[in-house]
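Below, all heavy atoms of this structure are taken into account, side chains as well, without hydrogens, waters or symmetry copies. Every chain is numbered from 1, with letters handed out A, B, ... down the list of sequences.
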Amino acid sequence: MPDIPKVYAPESIEPRWARYWVDQKLYRPLDDASGPTFSLSLPPPNITGSLHMGHMLEHTEIDILMRWHRMRGQNVLWLPGMDHASISTQMIVERELGREALPDLEGPGARRAWQREGQRRRLEMGPEKFLERCWQWKEQNGDTIRRQMERMGASVDWTRARFTMDPAYSRAVIEVFVRLFEQGLIYRGQYIVNWCPRCGTAVSDLEVSHEDRAGHLWYIRYPFEDGKGHIVVATTRPETMLGDTAVAVNPADNRYRDVIGRKVVLPLLNRVIPVIGDEFVDPNFGTGAVKVTPAHDPNDFAIGMRHNLPRITVIDFQAQMTADAGPYAGLSREQAREAVVRDLGAAGLLEKTEDYKLSVSICERCKTVVEPLLSMQWFLKMQPLATPAIRAVEDGRIRIIPENSRKVYLDWMYRIHDWCISRQLWWGHRIPAWHCEACGEVVVARETPSACSKCKGSSLRQGPDVLDTWFSSGLWPFATLGWPEQTEDLRRFYPNDLMIMGFDILFFWAARMIMLGLKFTDNIPFRELYIHALVRDADRQKMSKTKGNVIDPIEITEKYGTDAVRFALASSAAPGTDIAFSDDKAESYRAFANKIWNAGRFILMNLGNLPEPARRHLGAALEPIPGIGYDALPAMRSLEFGVRSSEFTQSLESKAPGSDQLRTEGLRTEKLLVDRWIFSRLATVTREMNEALAGYRFHEAAYTIYHFFWHELCDWYLEWVKPEITRPSEEPKASAAAINLARVFEAALHLLHPFMPFITEELWHQLPRSGDARSISLTRFELVNPRAADPVSEKQYATIQELIVAARNIKAEMGLQKEKPSAQVASEDTRLLELFRSHQEAILRLAGLEALNFVRGRMPADASPVPLASGCDLRLFYERAIDPVAERARIERDLAKMKQQLEQIERQLANESFRSRAPQEVVAGAERRRAEITDRLERLGQSLSQL
RNA sequence: GGGCGGUUAGCUCAGUUGGUCAGAGCGUCUGCCUUACAAGCAGAAGGUCAUCCGUUCGAGCCGGAUACCGCCCACCA
């Protein structure tokens with residue numbers, strides 16, 4: 001076979017098809033507005049870098065579903081795009097600037113140093129130049145990402161690609177902001193926010209992670225102003241005491257009832273502050289008295305509001321002590337802590353110090369300890385938006401899969417807090433708010449306002465803040481379709497049918513899309529939300545650059561082929577379970593691809609050998625009959641090649657499938673058992689895959705087709721029909737066999753295509769056909785007539801398989817692999833013997849036997865037969881002296897197993913309540929099994945006694 | 001502090017509604033270069049389904065408890 005290489009080389013075909021799919025714009029939905037649609041907007045990857053394995057899993061899962069839906073006749077829109085990723089991109093571009101300035105740095109500290117230097121250079125170069133660099137970065141990485149996606153075979157519509165900072169998209173962002181502001185849902189104010197002193201910006205609660213650290217609980221004495229004693233407060237952050245403006249106790253706490261209203265002197269600074277009563281204080285914690293620092297703690301801020309306390313900021317945006325910190329001004333917060341503790345100790349005001357495990361807030365980006373600081377920010381009220389978003393999920397308009405994510409979503413939504421949406425960054429959507437330099441008024445507008453709405457002053461300056469990146473991504477499902485214009489796309493493809501994302505952005509993104517979608521389109525953004533797994537390394541560790549266990553999708557793809565990696569991911573993608581990915585998996589599915597390749601190679605090779613009339617017929621035979629699909633062709637005595645192909649095929653297939661009885665005579669005019677069997681399996685496999693994919697059980701669908709292709713189609717069907725295929729003759733039988741094989745193979749390619757788009761596209765194009773040959777991805781998924789399902793054939797074929805396997809088994813155990821012994825099969829069941837006899841040729845060939853003869857009734861007493869489940873005994877004739885000890889051991893092992901099963905069944909059947917309560921079919925099944933086992937046991941015992 | 005998930009063959013994991021479900025891949029062992037494929041073919045070994053108690057005629061599958069492991073959320077100083 002000169003043309004098709006023996007070893008599948010994915011690199012030689014994958015890039016070609018990737019290019020082809022893009023160039024042909026195959027995945028642009030039809031303009032025809034009438035048919036059913038299926039839409040999904042790709043979670044836009046951040047332009048911060050290239051795609052990782054998590055993306056590859058996500059894109060693979062989406063692509064499988066998109067190709068599947070497309071092949072089921074839906075008009076599919078998969079809209080791709082990218083996210084500007086405000087804070088992440090800004091940090092990365094800064095780091096690049098730093099790296100350029102300090103190219104010789106290396107080692108663990110380099111990143112941090114580059115970041116620091118880059119930030120300095122950013123401030124030096126100013127926004128205009130810096131943003132230019134960001135755009136350059138976007139162009140470069142956007143290209144990389146796009147190339148990666150193409151290479152992975154993502155069947156997206158590139159003509160509709162979007163970027164969250166496209167002019168049109170930005171207009172939608174502004175529109176949303178202005179409307180929310182106008183409706184009073186966005187407000188501006190001084191509140192405690194999470195401030196990252198390194199990033200120099202506020203971040204939302206979600207961008208803060210918590211880390212348990214060993215710390216201390218310091219007990220500090222605050223003397224009463226009147227000199228009569230002191231009150232002890234416990235704190236983990238002594239440096240913040242410099243900003244204390246009260247001490248609080250619980251009014252219900254008897255210990256402190258009479259101190260409320262008295263005054264204490266704040267140590268070190270000697271400020272006189274009140275003791276107040278507030279329900280918030282937990283009497284059981286520490287001493288039951290707490291210092292109150294309204295400017296540096298959200299709880300204290302709330303207490304301060306209730307009691308009208310002053311707010312004294314003692315830590316600034318750089319996390320240094322301010323002038324209000326008195327003698328500690330200019331120290332870092334860490335230095336200040338040390339100094340404060342030292343000075344308190346020296347003053348005798350430190351009662352005790354305990355070890356204490358506390359949870360510190362860390363900036364998710366840079367791992368710096370976040371400082372709760374008072375600052376002027378923009379907030380979005382969540383309650384009014386959350387309520388409909390809760391309802392949409394509770395009433396099932398939006399379905400979240402797996403189910404437990406739904407609960408997590410709801411729990412979070414019920415306890416939602418207002419969202420700080422402003423960021424002190426440069427890269428992102430500028431907040432459309434202008435400050436009047438004359439009167440200080442803040443004007444929110446879609447366009448730059450010409451005059452202040454309050455004082456009519458004309459000197460207005462836009463605030464520097466940008467929006468949290470998730471504010472703009474929250475609009476993704478509708479802003480990508482042209483909102484706020486009422487576009488045709490919006491009408492056809494919104495709501496999206498599906499959204500797929502990782503669990504980590506359920507709150508960041510899914511929640512916001514649902515809230516904003518409902519708010520602005522009066523409709524849900526998507527009907528189903530599937531939460532996919534995390535890709536971990538072979539040891540179930542999270543992949544991370546610092547651990548050095550990151551697998552690069554392109555690298556692994558080049559090594560094993562895209563199809564193999566996709567299949568490896570899909571086959572591990574059980575909903576709700578993380579994926580331990582390893583080279584081993586990719587390797588084993590590369591073997592699968594190779595298997596497919598060689599099966600195709602074999603089939604194509606032999607189709608080429610077909611007699612000319614049959615070959616002419618083949619192209620038409622590989623066009624499924626509309627509305628019916630493929631079915632097995634009967635092994636006709638003569639094919640009438642004269643008639644038009646389509647009529648011919650139809651005349652053959654008009655007969656109801658599965659209707660023919662197995663008979664030994666006349667087989668040539670009827671469908672062969674092996675054909676009925678494989679088409680039946682194909683019908684079943686198709687159904688099972690549809691069910692699995694509908695439930696996002698990728699692993700099940702993958703396993704189903706894998707097993708079918710390899711262990712049924714290749715191991716059995718192909719081997720069975722080999723003689724018909726490889727010995728070309730003018731015999732019509734051979735032609736029918738070739739057509740059936742080609743049909744089965746093609747149908748299997750269709751089922752495989754969503755998982756392995758490249759190899760299936762390649763092989764599909766090599767099959768002869770007369771219809772539309774643009775792409776397998778535009779053909780039907782289900783190619784086989786569902787009515788081909790035929791349990792009787794499946795059972796009969798299984799019986800033959802059992803016989804063959806048993807014979808091979810005996811041969812292997814007896815060391816007879818190289819020989820071709822004769823065999824004998826005995827049974828009372830003449831129909832069984834007839835079944836074997838009529839398929840004798842294949843049985844002999846596949847089992848490696850010389851001859852098979854049949855005994856009606858029992859096996860002769862001198863034989864040592866192996867009983868089969870189908871109710872017959874098999875024996876092989878061979879010269880070799882058997883080892884009676886080993887043979888006895890083997891039989892006894894079988895015997896023991898059987899006995900155990902029998903006991904179990906008998907116990908069950910003896911149980912009256914089982915008989916009365918279990919469904920009849922279960923009872924009947926148990927009885928049938930008992931009979932089978934008893935029979936087999938008896939025959940096994942006989943074998944043993946012969947030894 | 002709350003919530004969630006896991007514990008099944010040497011390893012990595014499947015097992016949707018309780019009744020041939022005790023499975024797959026990899027690994028191991030045996031024999032084969034059988035003219036599609038050695039990235040292959042044909043066989044084999046290997047598991048009290050974490051532990052205990054319950055529900056049921058019947059439980060990896062449902063309920064409860066325990067022991068490890070992991071994750072998420074949280075404004076208790």
Can you give me the N/O atom pairs linking the protein to nucleotides 62-65 of chain B at distances under 3.5 Å, or say none if there are none?
none

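- Put simply, the residue from A:Asp300, A:Thr245, A:Thr240, A:Asp297 that forms a side-chain hydrogen bond (donor to acceptor under 3.5 Å, both in side chains) with A:Lys291 is A:Thr240.
- Residue A:Trp710 has a polar side-chain atom (N or O) positioned under 4.0 Å from OP1 or OP2 of B:rC41.
- Across all strands shown, A:Val408 has no heavy atoms under 4.0 Å from either base or sugar-phosphate atoms.
- Among the atoms of the strands shown, base atoms are found under 4.0 Å from some heavy atom of A:Lys595.
- A cation-pi contact links A:Lys722 to A:Phe602, judged by a cut-off of 6.0 Å to the six-membered ring centre and 45° from its axis.
- Distances from the side chain of A:Lys818 to the nucleotides B:rC26, B:rC32, B:rA74 place B:rC32 closest.
- Residue contacts for A:Tyr589: at a heavy-atom cut-off of 4.0 Å it reaches no nucleic acid atom on any strand shown.
- Among A:Lys407, A:Arg406, A:Arg399, the single residue meeting the salt bridge (Lys or Arg N to Asp or Glu O under 4.0 Å) criterion with A:Glu403 is A:Arg406.
- For the pair A:Ala573 and A:Leu57, the tightest heavy-atom approach, listed with the atom from each and the gap, is CB-CD1, 4.4 Å.
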**OP:** Give RNA chain B the dot-bracket treatment, 5' to 3': Watson-Crick (N1-N3 with N6-O4 or O6-N4) or G-U (N1-O2, O6-N3) under 3.5 Å, [ ] crossing, | other strand.
**Re:** (((((((..((((.....[...)))).(((((.......))))).....(((((..]....))))))))))))....
Original post:
Given the rule in the side chain to side chain donor-acceptor pair (under 3.5 Å) test, do A:His307 and A:Asp278 qualify, once you have shown the distances and angles that lead to the verdict?
Top reply: CA-CA 9 Å; A:His307 298 270; A:Asp278 194 287; 2.7 Å; yes
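- Counting to the nearest Å, the P atom of B:rG5 and the CD1 atom of A:Ile531 are 15 Å from each other.
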Subject >> Verdict with reasoning, A:Tyr589 to A:Asp563, per side chain to side chain donor-acceptor pair (under 3.5 Å) >> reply: CA-CA 8 Å; A:Tyr589 293 110; A:Asp563 285 334; over 6 Å; no
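- Counting non-hydrogen atoms under 4.0 angstrom, A:Leu718 reaches a base of the nucleic acid.
- Residue contacts shown for A:Arg415 are limited to sugar-phosphate atoms, with no base heavy atom under 4.0 Å away.
- Using a 30° and 60° split on the angle between ring planes, A:Tyr706 and A:His711 fall in the perpendicular class, above 60°.
- Atom-to-atom, CZ of A:Phe567 to P of B:rA24 comes out at 16 Å; the value is rounded to the nearest Å.
- Among the heavy atoms of the strands, none lies under 4.0 Å from A:Glu691.
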Restricting to nitrogen or oxygen on both sides, can you table the protein-nucleotides 7-12 of chain B pairs closer than 3.5 Å?
none

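- At B:rU35, none of the side-chain N or O atoms of A:Lys722 fall inside 4.0 Å of OP1 or OP2 (strictly under the cut-off).
- As a whole-Å value, the separation of A:Phe592 CZ from B:rA36 P is 19 Å.
- Side-chain atoms of A:Lys407 lie closest to B:rC4 of the nucleotides B:rC37, B:rC4, B:rC72.
- The distance from atom OH of A:Tyr703 to atom CZ of A:Phe567, rounded to the nearest 0.5 Å, is 11.0 Å.
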Taking only nitrogen or oxygen atoms into account, show me every contact under 3.5 Å that the protein makes with nucleotides 43-50 of chain B, one pair per line with its distance.
| residue | atom | partner | partner atom | Å |
| --- | --- | --- | --- | --- |
| B:rG43 | OP1 | A:Arg808 | NH1 | 3.0 |
| B:rA44 | OP1 | A:Asn809 | ND2 | 3.1 |

Protein and nucleotides 75-77 of chain B: nitrogen or oxygen contacts under 3.5 angstrom:
| residue | atom | partner | partner atom | Å |
| --- | --- | --- | --- | --- |
| B:rC75 | O2' | A:Asn299 | OD1 | 3.4 |
| B:rC75 | O2' | A:Asn299 | ND2 | 2.1 |
| B:rC75 | O2 | A:Asn299 | OD1 | 2.3 |
| B:rC75 | N4 | A:His417 | NE2 | 3.2 |
| B:rC76 | O2 | A:Asp282 | OD2 | 3.1 |
| B:rA77 | OP2 | A:Tyr356 | OH | 2.8 |
| B:rA77 | O3' | A:Thr236 | OG1 | 3.4 |
| B:rA77 | O2' | A:Ala234 | O | 3.3 |
| B:rA77 | N6 | A:Asp282 | O | 2.6 |
| B:rA77 | N6 | A:Phe285 | O | 3.4 |
| B:rA77 | N1 | A:Asp282 | N | 3.2 |

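- Regarding A:Asp715, its CG atom lies at a distance of 15 Å from the C1' atom of B:rC32, rounded to whole Å.
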Name the pairs: protein N/O against N/O of nucleotides 14-22 of chain B, kept only if under 3.5 Å.
| residue | atom | partner | partner atom | Å |
| --- | --- | --- | --- | --- |
| B:rA14 | OP1 | A:Thr577 | OG1 | 2.8 |
| B:rA14 | O3' | A:His699 | NE2 | 3.4 |

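- Within 4.0 Å (heavy atoms only), A:Asp584 reaches sugar-phosphate atoms of the nucleic acid but no base atom.
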